[in-house]
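Below is one structure, written out as structure tokens, with a few remarks after it.
To find a chain, count down the sequence lines: A is the first, B the second, and so on, and within it residues start at 1.
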Amino acid sequence: MPAYTVDTVTDLVQPHQVHRDVYTDPDVYRLEMKHLFRNTWVFVGHDSQTPNKGDYFTTQLGDQPIIQVRHSNGEIHVLYNRCPHKGTKIAIDRQGNTGKFFRCPYHAWSFKTDGCRLAIPLKKGYEGTGLEQTENGKGMKAVGAVKNYRGFIFARLAEEGISFEDYFGDSLSSLDNMVDRSPAGRLEVAGPPLRYMHQCNWKMLVENQTDTCHPMVAHESSAGTAVKIFEDMDWPEDKPKPMAMEIIAPFMSPYEFFENMGIRTWPNGHGHTGVHHSIHSDYSTIPGYFEQMVEAYGEEKAKQILGENRHNTVYFPNIMIKGPIQQLRNFIPLGPDKTLVESYIYRLVDAPDQLLARTAMYNRLINAPTSMVGHDDLEMYERAQEGLAADGLEWVNIQRLYQEGEDLDHEAVENGTTERQMRNQFHAWAKFMSPQPTTETAEVQQ
Amino acid sequence: MSFPSRDDLIDFIYDEARMLDEGRFSEWMELWMPDGIYWMPLDYKQTDPDCITSLLYEDQFMLRLRVERLNGARTFSQKPKSRCHHVIQRPFVDVMEDAANRYVTNTNMHYVETRLDEQFLLAITATHELCVVDGKIRIANKRVDLLNSDAAFGNIQLLP
């Protein structure tokens, strides 16, 4: 079979189904890295990970090695982590402070923290060689565009393309809600992320974030058993439930609960579950927090912020946030069948620590490689990755609550068990797999 | 047993590991004090279990859930079941306070877990806080530090 190209790869997506090669084929994966992760706005990190001048943090956008660094003027820059000389990674560790400049550990070429070349040892050796005229002579390469949205850093690798505002549109309301939950309107990263390796395609994990028909099935062994043990315990009704039960029990909610919670989709592949309520709605009140919020925002606005209990918001292509508990999961592709999930939590500045303690508990109960909930999810993904090899059926069905002529270029709210958000992601996938969709065509399509 | 000897404490650590290796989880649960916590930090030398994520920080309710889940009919990630194997270096007995009924051991181990065709090795240090109740040694708290706690892992399903 011939290798896929940008012209043929979109044949793998139909409105109600996708071909299994989108999850398994190495050529499709290479095209995703080359186009999809280049044309879209991809999450880099949080600005509190690099609070001081010279602080840096290394990560990946798609398969690209990247540095987030705070420049001497206080702004965040996002650079390719590659020395323009021989290719060595400039920053080798995961984070640190580089002072006023980066210095390559191989031959000591040095660069300012905005990437501009500072100095090269034995400079004379380059006199008259034309180094100045080359791309390599200029310094470390910066990504195409960077946006710091309320502390969250996103980058577009492509020099030209859709603007941040056009790309995310009204979906930014979920990020706003997460940040607004701090009386100071600010979040700070709390500790290192959980790092969980999956032998499956990255898109399976992203799709699962709005898959509301799996919790009561796949997680019966953890959430169902928790409910059963709790019932045996004769817990007094007036005593607050253990925090762990508050977190884990809603996973066993019946189908009606998920149907009624609703799903909203936005253009360009973004969407969220939990429009009307969610598994985060019934957490107990933390003393003092509401009063702090009222003081900061006034009662009406405070109630409005805290009344929003969105479950999972997917920012296409590869992150999910949980506004009510200040959590972000980054699904980092490492190969067609390998994905690293990094799960971060954030402190609400000026809010009680108990909120952060609940978030940390949620993170370890649900997202850790030691999580009983995560164990069954991983099992589903990895067995799917193996099952997709079956030649008997080559298409994956995403047809639940599909209607002929579905319009994914407009916001919509639907029954919470629809697979519309998965279709929305593939619609955006096909759009951004083109070599260079311009802002203009993006607007026409909207 | 009025007060445990050094050997009693060391034997206890070996016996506990053997219980886990043989999958005698109900028996293992009986070793614990009712308010005992099993802690596996995420950050190297982590000191804050509350506001920084851990891999595990579980009370008796969560440990019981974990153990009951392992035997559930619809526990998909345990079809087939995992098996584990501890290789223990002789424990250090760091604290022996008979008056306070407080004993602390520090044990280096190699922990192997396997399922299907996969097998992985963790180098760990277990710190046990122990006490004696009705003549039997009990676990007041257990902390398990992974040498590579900051690495990315697949499923770790049993209890190192």
Side-chain angles (χ1 to χ4, degrees), chain A residues 94 190-199 217-230 232-233 242 244-245 248 327 332 334 340-345 347 353-365 367-380 382-383, chain B residues 29 34 37-82 113 115-118 120 122 144 146 148-160:
Chain A
R94 288 189 182 135
L194 284 163
R195 304 180 71 240
Y196 197 174
M197 195 66 86
H198 292 67
Q199 307 301 325
V217 182
H219 302 309
E220 184 184 333
S221 72
S222 47
T225 308
V227 171
K228 206 159 58 65
I229 294 176
F230 189 70
D232 290 348
M233 283 171 80
M245 270 304 288
I248 206 166
Q327 186 183 79
I332 302 171
L334 299 180
L340 170 62
V341 187
E342 293 193 333
S343 298
Y344 284 95
I345 59 170
R347 175 193 301 276
D353 268 353
Q354 284 152 286
L355 285 157
L356 181 56
R358 180 159 64 200
T359 294
M361 177 183 274
Y362 189 99
N363 210 21
R364 66 176 183 262
L365 289 186
N367 300 327
T370 37
S371 154
M372 289 176 273
V373 174
H375 289 162
D376 285 317
D377 279 328
L378 176 142
E379 191 66 19
M380 298 307 116
E382 294 191 353
R383 298 299 81 79
Chain B
M29 286 299 292
I37 299 272
Y38 183 117
W39 185 18
M40 187 189 288
L42 170 64
D43 208 2
Y44 190 62
K45 297 190 175 170
Q46 185 172 336
T47 54
D48 179 355
D50 294 317
C51 292
I52 301 286
T53 307
S54 298
L55 288 161
L56 294 172
Y57 188 74
E58 304 210 332
D59 60 10
Q60 295 305 294
F61 172 76
M62 287 304 299
L63 289 178
R64 186 178 154 196
L65 168 55
R66 204 167 267 281
V67 165
E68 289 200 15
R69 176 184 171 275
L70 288 176
N71 293 319
R74 288 177 172 163
T75 305
F76 307 114
S77 74
Q78 283 295 295
K79 290 173 184 294
K81 288 186 187 305
S82 303
E113 192 177 302
R115 179 173 169 262
L116 292 167
D117 292 333
E118 300 296 325
F120 60 86
L122 298 173
V144 173
L146 307 185
N148 61 341
S149 63
D150 51 356
F153 300 106
N155 278 354
I156 302 173
Q157 298 207 54
L158 300 180
L159 289 151

Heavy-atom contact with chain B under 4.5 Å, split by part of [X]:
X         : value
Leu355(A) : neither
Ala357(A) : both
Met380(A) : side chain
Val217(A) : backbone
Arg94(A)  : side chain
His375(A) : both
Pro242(A) : neither

Open item on the list: Run Leu365(A) and Met62(B) through side-chain contact (heavy atoms from CB on, under 4.5 Å) and show every step you take.
Closed with: CA-CA 9 Å; Leu365(A) 289 186; Met62(B) 287 304 299; 3.3 Å; yes
Sort out for me which of [options] touches chain B most, counting heavy-atom pairs under 4.5 Å.
options                                    : result
Pro192(A), Ala226(A), Pro369(A), Ser371(A) : Pro369(A)
Gly191(A), Ala360(A), Gly374(A)            : Ala360(A)
Leu356(A), Ile229(A), Asn363(A)            : Ile229(A)

Task: CA sep, side-chain torsions, deciding dist, call: Glu382(A), Leu116(B), side-chain contact (heavy atoms from CB on, under 4.5 Å) - done: CA-CA 13 Å; Glu382(A) 294 191 353; Leu116(B) 292 167; over 6 Å; no
Can you tell me how far the [atom1] atom of [X] sits from the [atom2] atom of [Y], to the nearest 0.5 Å?
X         : Y         : atom1 : atom2 : result
Cys51(B)  : Gln354(A) : SG    : CD    : 9.0 Å
Asn71(B)  : Ser221(A) : CG    : OG    : 11.5 Å
Arg66(B)  : Thr225(A) : CZ    : OG1   : 12.0 Å
Ile156(B) : Tyr196(A) : CD1   : OH    : 9.0 Å
Leu55(B)  : Arg195(A) : CG    : CZ    : 11.5 Å

Open item on the list: Determine whether Phe61(B) and Met245(A) satisfy the following criterion, side-chain contact (heavy atoms from CB on, under 4.5 Å), listing intermediate values before the conclusion.
Closed with: CA-CA 9 Å; Phe61(B) 172 76; Met245(A) 270 304 288; 3.5 Å; yes
Task: Side chain, backbone, both or neither of Glu58(B) within contact of chain A (heavy atoms, under 4.5 Å) - done: side chain
Open item on the list: Is Asp150(B) close to chain A through its backbone or its side chain, or both, or neither, when contacts mean heavy atoms under 4.5 Å?
Closed with: both
Open item on the list: I'd like to know whether Ile345(A) forms a side-chain contact (heavy atoms from CB on, under 4.5 Å) with Thr53(B), so could you lay out the CA-CA distance, the side-chain angles of the two residues, the decisive distance to 0.1 Å, and finally the verdict.
Closed with: CA-CA 8 Å; Ile345(A) 59 170; Thr53(B) 307; 3.4 Å; yes
Open item on the list: Are there over 12 heavy-atom neighbours, none belonging to Phe120(B), within less than 6.0 Å of that residue's CZ?
Closed with: yes
Task: Arg69(B) side chain to Ser222(A) side chain, donor-acceptor N/O pair below 3.5 angstrom - done: no
TODO: Return the option, out of Ser54(B), Gly72(B), Ala73(B), with the maximum number of heavy-atom pairs under 4.5 Å with chain A.
DONE: Ser54(B)
